[in-house]
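Heavy atoms only: backbone and side chains are in, while hydrogens, waters and symmetry mates are out.
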Amino acid sequence: MLRIREGGKHMVQALAARIPFLAMLGYLSASPLVTNAQVSSESYGVSVRNSVGMEMIRIAAGEFLMGSYESGDSIKKAFPNDEHDANFFNDELPQHRVRITRPFLMGKTEVTVGQFRQFAEETGYRTESELDGTGGWGFNKEKRVCEGRSTEYDWRNPGWEQTDDHPVLNVTFQDANRYCQWLSAKTKQTYRLPTEAEWEYACRAGSANRYSGFNAPQELCSKSRTIDVLKNPKFAHIQDLEIPEDGSIAFTAPVASYPPNAWGLHDMHGNVWEWTSDWHDDNYYAVSPVDDPQGPETGFNRVRRGGAWNSAPLWSRASFRNWNSEDTRCSNLGFRVVAEISRSEQGVTLLFGGDVMLDGDPGNAINHGIDPFAEFATDFQSVDIAVCNLECVISDKGEMEHKSYVFHGPEKALPLLKKHFTAVTVANNHTMDYGAEGFVGELEKLEGAGIPYFGGGRNLHVARQPLILSRNGFRVALLGYNGFGTEYYEATATTPGVAPLRIEIIEQDIKTARDKYKADFVIPYVHWGPELVASPYEWQRKMARQMIDAGASAVIGAHPHVTQTVETYRGKPIVYSLGNLVFDYFPGDPQVWTGWLAKLSLGKSGDVDLELKSFEIDHQGIPRKSKE
């Protein structure tokens, strides 16, 4: 599967001429290309049906801005009919960055009456509204209002007809958690309520709008079971809402009656409020951690999200926070579940960046305290393995070679490389810019800084060795080869250098990685091809496919300084060139440089998912998130 992330406009331009070819190979799915999402969109998600028949959507790890981008005053101005003052919305502030570090599964819909019925009948479970003698909430047909608590109402009877496909109602926080415990035991997988952060992340589905992909309140009315703001402009609590006989206020709809959001989730806005696992605190956002926030440690009320059938668009916004005590049960309150994905089920994720040249402007930036990788730090941290091509010499040894371009990086770059990357490849045509002595000096610097490398060494045997990285129970082998000026830079049995790009060597090394080192995945990162050309040569295509035939899980390329063709062969992706990652400009260069980050998701069944993220490189040679 190929997915496009932010800055996708440039990628679309680069791939436009090749779309028919990719489609013919079966590499492009029928999914629409996503060009403005902050995290990957799998176009209605990957749907998984568990052992009790519940459909779950796989939600990828990623980051987003949580909370409202609008101040309380701005919200009041946009929704003038609401009775609350601007301070009422302060718990949605400040908007803050949140990173969801692990993928998870989320219910495609809210839990239905039929699903809850299966749990109750199998276990004999009785809800709190049935046990505590106070009952639940429901619709009084004579008075035309909802009332409660009353023993007349519970999850089986909210006062109007519900089928097994309607969302279950009148369930307390404990009822929802007991359902999750049963489902966990039934499926042998951990099910729970979503955290508030997980809920908003999934609701937004890559969007930064009020609602999932749009801002207009009236548009929400056609996409969800909420109150039509034009017909019912005034705010009213459920007990104060008069429900006319003309049907202008409709009760719950069967789940999935409305279109899903971009990630395939239905009814994230409206239908029923949904419990989350978090305690509510007005001021929590000011101290919330970036990674996987769990909410306050203690509290009095639990957060519920999404709005309901009786909610106006104001209350159904993606950032709106409502809350209730744990024993609350109501005819507009239900829940949806998430399932945790174990590391072994998750597989391994890798992120590859292209050429990193830390001389010139990038080197000056580093010497002045600027981290050239900072804007993409979360991308590198969100994967199991991050790799780049170190195309300069960081060494205090050796003498400068006499060649057109010689690149030398500052030692201050080492802690930055250590911070952002798991490993670097040294298989390129600038590793030897300060001769063999300088190259060995660089290897010593990398070793001293604790930065693993591959594709080069003190002799050919070492240069050809795979770098084996164990993650989540899998072994990943990285191999590096240089095909530009091979005769000048290759290692020999007794001299240092890089591994040469020769197919007979690569095929042997892939086999060794598989057989001797028991690698589950093998990925050659190759330095090859013509500079500033959008397509590889035919010999590269042939060689890449030979690598796949030999057992490579994917092939990643660099050196041309521009992005090149992407294709698949036997279900394995080939990225011929990532372009540059950090590289400054030279006279006559294009006005705008763009590069790619290539994320590989390696599944336990051997499948490989490729996701490309496009970015721009500024005139200092530093990558920036694309503006489109």
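Not one N or O on the side chain of Asp154 forms a donor-acceptor pair closer than 3.5 Å with the backbone of Gly135. Without hydrogens or angle criteria, Ser150 side chain to Tyr153 main chain gives no donor-acceptor distance under 3.5 Å. Under a 3.5 Å cut-off, the side chain of Ser288 and the backbone N or O of Tyr284 do not form any donor-acceptor pair. For the pair Gln162 (side chain) and Pro167 (backbone), a donor-acceptor distance under 3.5 Å is present. Judged purely by atom type and a 3.5 angstrom limit, Asn50 uses its side chain to pair as donor or acceptor with the backbone of Met54. Judged by distance alone, the side chain of Ser68 and the main-chain N or O of Ser319 form no donor-acceptor pair under 3.5 Å. At least one donor-acceptor pair under 3.5 Å links the side chain of Ser212 to the backbone N or O of Cys203. For the pair Glu130 (side chain) and Thr127 (backbone), a donor-acceptor distance under 3.5 Å is present. Put simply, the side chain of Asn170 never gets that close to the backbone of Arg156: no donor and acceptor are under 3.5 Å apart. Side-chain N or O atoms of Trp199 include none that pairs as donor or acceptor with a backbone N or O of Arg304 at under 3.5 Å.
A heavy-atom distance below 4.5 Å is not found between the side chains of His280 and Phe300. Between Leu350 and Leu602 the shortest side-chain heavy-atom distance falls below 4.5 Å. Using a 4.5 Å heavy-atom cutoff, the side chains of Arg475 and Phe521 are not in contact. Considering only heavy atoms from C-beta on, Leu93 stays 4.5 Å or farther from Tyr285 through its side chain. Using a 4.5 Å cut-off on side-chain heavy atoms (C-beta onward), Trp160 and Lys141 make no contact. The shortest side-chain heavy-atom distance between Thr276 and Glu274 does not fall under the 4.5 Å cut-off. A 4.5 Å side-chain heavy-atom check between Tyr201 and Met66 finds every atom pair outside the cut-off. Looking at heavy atoms from C-beta onward, Asp384 lies out of side-chain contact with Leu469 at the 4.5 angstrom threshold.
Between the side chains of Arg178 and Thr123, no donor N or O sits under 3.5 Å from an acceptor N or O. With no hydrogens or angles considered, a side-chain donor-acceptor pair links Asn332 and Asn310 at under 3.5 Å. For the 3.5 Å distance criterion, the side chains of Thr195 and Asp278 fail to qualify, holding no donor opposite an acceptor. No hydrogens or angles considered: nothing links the side chains of Glu63 and Ser382 as a donor-acceptor pair under 3.5 Å. Side chain to side chain, Ser207 and Asn209 meet the donor-acceptor criterion of an N or O pair below 3.5 Å. With 3.5 Å as the limit, one finds no donor-acceptor pair spanning the side chains of Thr172 and Asp327. No side-chain donor from either of Thr101 and Arg99 sits under 3.5 Å from a side-chain acceptor of the other. Using a 3.5 Å distance cut-off with no hydrogens or angles, the side chains of Gln181 and Ser184 do not pair a donor with an acceptor. Donor-acceptor pairing under 3.5 Å is lacking for the side chains of Trp137 and Glu147.
Ring geometry for Phe173 against Trp275 counts as perpendicular: the plane angle is over 60°, on a 0 to 90° scale with 30° as the lower cut. Ring orientation note: the planes of Phe119 and Tyr179 are nearly perpendicular, at an angle over 60° on the 30°/60° scale.
You'll find the ring centres of His84 and Trp315 inside the 6.0 Å limit.
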Handout entry: Evaluation steps, side chain to side chain contact (heavy atoms under 4.5 Å, CB included), between Thr163 and Val113
Key = CA-CA 7 Å; Thr163 70; Val113 171; over 6 Å; no
Practice task
List the steps and the verdict of salt bridge (Lys or Arg N to Asp or Glu O under 4.0 Å) for Lys143 and Glu242.
Solution key: CA-CA 9 Å; Lys143 298 179 181 179; Glu242 292 188 15; over 6 Å; no
Handout entry: Verdict with reasoning, Arg210 to Glu219, per side chain to side chain contact (heavy atoms under 4.5 Å, CB included)
Key = CA-CA 11 Å; Arg210 282 180 184 154; Glu219 187 176 350; over 6 Å; no
Practice task
Dump the intermediate steps for side chain to side chain contact (heavy atoms under 4.5 Å, CB included) on Leu351 and Val387, then the final yes or no.
Solution key: CA-CA 6 Å; Leu351 191 66; Val387 180; over 6 Å; no
Exercise for the section: Let me see the working for Asp609 and Asp607 under side chain to side chain contact (heavy atoms under 4.5 Å, CB included), right down to the final yes or no. Expected result: CA-CA 7 Å; Asp609 181 18; Asp607 57 306; 5.7 Å; no
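Heavy atoms only, all atoms of each residue included: Val145 and Phe139 are closest at O-CD1, 3.5 Å. Between Pro80 and Lys77, the shortest heavy-atom contact is CD-O, 3.6 Å. The nearest pair of heavy atoms linking Arg144 to Pro244 is NH2-O, 3.3 Å. Nearest heavy-atom pair across Val383 and Phe380 is CG2-O, 3.4 Å. Considering all non-hydrogen atoms of both residues, Gln95 and Gly67 come closest at NE2-O, 3.3 Å. When all heavy atoms of Leu600 and Pro573 are compared, the closest pair comes out as CD2-CG, 4.0 Å.
Classification of Glu92 and Arg317 as a salt-bridged pair holds, one side-chain N sitting under 4.0 Å from a carboxylate O. Taking a cutoff of 4.0 Å between a charged side-chain nitrogen and a carboxylate oxygen, Asp267 and Arg225 do not qualify as a salt bridge. Using a cut-off of 4.0 Å between Lys/Arg side-chain N and Asp/Glu carboxylate O, Asp379 and Lys613 are scored as salt-bridged.
Cation-pi geometry between Arg302 and Trp279 is satisfied (NZ or CZ under 6.0 Å from the ring centre, within 45° of the ring normal). Seen from the ring of Tyr211, Lys223 does not count as a face-on cation partner, given the 6.0 Å and 45° thresholds.
For the side chain to side chain donor-acceptor pair (under 3.5 Å) test, no residue two or more places apart in sequence or in another chain qualifies with Asp165. Under the ring-ring contact (aromatic ring centres under 6.0 Å, His included) criterion, Tyr258 pairs with no residue at all, not counting sequence neighbours. By the ring-ring contact (aromatic ring centres under 6.0 Å, His included) test, Trp273 pairs with no residue at all, sequence neighbours left out. Listed by chain and residue number, Arg624 satisfy the side chain to side chain donor-acceptor pair (under 3.5 Å) test with Glu375 (two or more places apart in sequence, or in another chain). For Phe352, the ring-ring contact (aromatic ring centres under 6.0 Å, His included) partners at least two apart in sequence or on another chain are Tyr525.
The CD atom of Gln118 lies 9.5 Å from the OG1 atom of Thr112; values are rounded to the nearest 0.5 Å. The CG atom of Asp520 sits 11.0 Å away from the CG atom of Asn472 when rounded to the nearest 0.5 Å.
Sorted by first then second residue, the salt bridge (Lys or Arg N to Asp or Glu O under 4.0 Å) pairs that include residues 183-199, not counting sequence neighbours, are Glu122-Lys186, Arg192-Glu198, Arg192-Glu340, Glu196-Arg305, Glu196-Arg321.
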